[in-house]
Amino acid sequence: MPTAASASPSAWAPLAARVFRALWIAQLASNVGSWMQTVGAQWLLVGESATLVTLVQTASSLPVMLLALPSGVLADRFDRRGVLLAAQFAMLGVSTVLTVLAFTGRLTPGLLLGLTFLMGCGTALMGPAWQAIQPELVERSQLGQAAALGAVNMNLARAAGPALGGVVVAAAGVGWVFAFNAVSYLGIAAVLILWKRPEVPVDGGEKLLTALRTGRRYVRNAPGVRRVLLRTMLFIPGGAALWALLPLVASRSLHLGPGGYGLLLGAVGVGAVAGAFVLPAVQRALGANGTLAAGGVLYAGVLAVLATAPAPWLAVLVLLPAGLAWIGVLSTLNATLQTRLPGWVRARGLAVYLLFFQGGQALAAPVWGALAAGWGPAVSLLAAGGLLVAGAVSVRWWPLYDGDAIDPRPSGHWPEPPLVFEPGPADGPVRISVSYRVAPEHRAAFIGHMAHVARSRRRTGALDWGLFQDGNDPAEFVETYLVGSWAEHLAQHHRRLTVTDRVHEERARGLLMPGTAPSVTHAFDVTAGPVVGVRADAGLSGPDSA
């Protein structure tokens, strides 16, 4: 466990944790290399067409749409450090090939986009595992600060990397920025190899498709997670216009070279780093939803001014608040999601977020490029600004839910089910039935609380769920739900239920008739094969309190 003091009010408190600090520094070097490579790649294509320039962003982001969910499954099923190391060495290999082709003059636009796509595959493999290890590096109370420091890291790199990349491209050629990026992967790999990570239990028995369905079912039945994803999709497509079109604005509207383009990107990074100092005060004053709305409006204003900026100095000045808006929105969304996801499905939940985040950029970038090709960059930027304003206004109707009552820590409050059969892990499906006795005056309140219980059951493994009232005894209610296998149900018992799930169950059971307790049965689908064997220590009384 991390040793940083969880009560520290400092925004930099997570850096007191040794492994977090080492990874943060190594990630900064790697991010600088990635931005240097982006500058080199986009500058190689800036003389071709607007569409090709924007396809650099698409090639790096599209793999997340294809691989984010499988990568999340890998990060939940296997050692996350091993997954991260595999991604680092894969990207090192691809970047080395890119460097060799650039130095030998064989790097065509098609090869550049193809290799950028492969490097994006490495990023997709790395993303969910990287996000999911954060609670292992810092205290839970510091996850929001850690998310903000991650954004600061990216924006420090955005401040230094593009400017450095532009200088290197102008002075020595594109090959050297690719070479620096290749070397930068070694730092993260070294820290991961030296990290003595404690043993963390994983659901290694799940098959790939089953694990994918489990993650999708969790997200579908987690309203707080779904709302974060909705807010992401209301910001990212419009926000992507800046990154997709800034090379065209620099070269065609402002008549800048690679150094000037790097300066523009650096201004965004400087604004984001400066914004990290004021962001806590902004969030205290406006709250999470106010920060999202203000960030969207501010970012839209930047795009509007940039669309008509007559001089480079004005563009540099107006890009400073763009960095503040970007870090404010993304840090809020990331921290909100981190504090809502339990450990057993964290990587898959974050993978869905990355899918929306990177996928939104990948799909939006060519749209803005095509619009710029037909109507000019100014029209594209103004259209994106209008989209961002509409998203900011929508906070009134679709705000983030209050997460203070959400506690994703594992509860483990269900006892071991005492069966006379000895089912195997693959036996099932299993039908669980829970009987409750509820007084008539508590009927409506009980049904209301059971709606929350229903989402809990589905999040943790239920394929269906129902609540029924006995026609002969109105006080008798029967909850029933189906789980795919006995292993899935045991996972509910031992790993998947959270403190919040327990609270919802306790609220419903607090309305039962005095002196009564739920009665639970487990029924197995015998058409799928009989469950054989009898446990010597099993009795026929005392079903578990599910």
Side-chain angles (χ1 to χ4, degrees), residues 31-32 34-54 56-57 154-174 176-177 238-275 295 297-328 361 365 368-369 371-386 388:
N31 285 337
V32 168
S34 297
W35 277 106
M36 290 174 66
Q37 174 169 303
T38 297
V39 169
Q42 290 184 320
W43 207 256
L44 275 178
L45 299 176
V46 78
E48 301 288 337
S49 71
T51 302
L52 276 178
V53 173
T54 57
V56 172
Q57 186 176 11
M154 175 60 75
N155 285 284
L156 278 171
R158 184 179 285 122
L164 182 59
V167 170
V168 172
V169 169
V174 171
W176 287 104
V177 298
L242 178 64
W243 314 116
L245 299 175
L246 197 56
L248 301 178
V249 173
S251 63
R252 300 184 184 182
S253 301
L254 301 176
H255 309 293
L256 298 174
Y261 170 52
L263 181 63
L264 295 181
L265 280 175
V268 183
V270 170
V273 173
V297 171
L298 180 59
Y299 203 94
V302 168
L303 295 185
V305 175
L306 192 63
T308 56
W313 66 266
L314 179 58
V316 170
L317 287 178
V318 79
L319 286 171
L320 293 172
L324 169 61
W326 184 262
I327 194 176
Q361 293 187 80
W368 301 128
L371 188 60
W375 297 90
V379 173
S380 290
L381 290 170
L382 291 173
L388 285 166

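The two residues Val316 and Ala267 have their closest heavy-atom pair at O-CB, 3.6 Å. Counting all heavy atoms, side chain and backbone alike, Leu254 lies closest to Ala315 at CD1-CB, 3.7 Å. Residues Leu298 and Pro321 come closest through the heavy atom pair CD2-O, 3.6 Å. Closest of all the heavy-atom pairs between Thr308 and Ala304 is OG1-O, 3.5 Å. Residues Ser380 and Trp368 approach most closely at OG-O, 3.1 Å, considering heavy atoms. When every heavy atom of Leu164 is checked against every heavy atom of Met36, the shortest pair comes out as CD2-SD, 3.7 Å.
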ask   = Can you check side-chain contact (heavy atoms from CB on, under 4.5 Å) on Leu242 and Leu319, steps first, answer last?
value = CA-CA 10 Å; Leu242 178 64; Leu319 286 171; 3.7 Å; yes
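The aromatic rings of Trp243 and Trp326 lie perpendicular to each other, with more than 60° between the two planes, well past the 30° mark.
Qualifying side-chain contact (heavy atoms from CB on, under 4.5 Å) partners for Ile327, counting only residues two or more places apart in sequence or in other chains: Ala151, Val152, Asn155, Ala272, Ala276, Ser331. The side-chain contact (heavy atoms from CB on, under 4.5 Å) test applied to Val318 returns Val302, Val305, Leu306, not counting sequence neighbours. In this structure, the side-chain contact (heavy atoms from CB on, under 4.5 Å) partners of Ala307, at least two apart in sequence or on a different chain, are Ala378, Leu381, Leu382.
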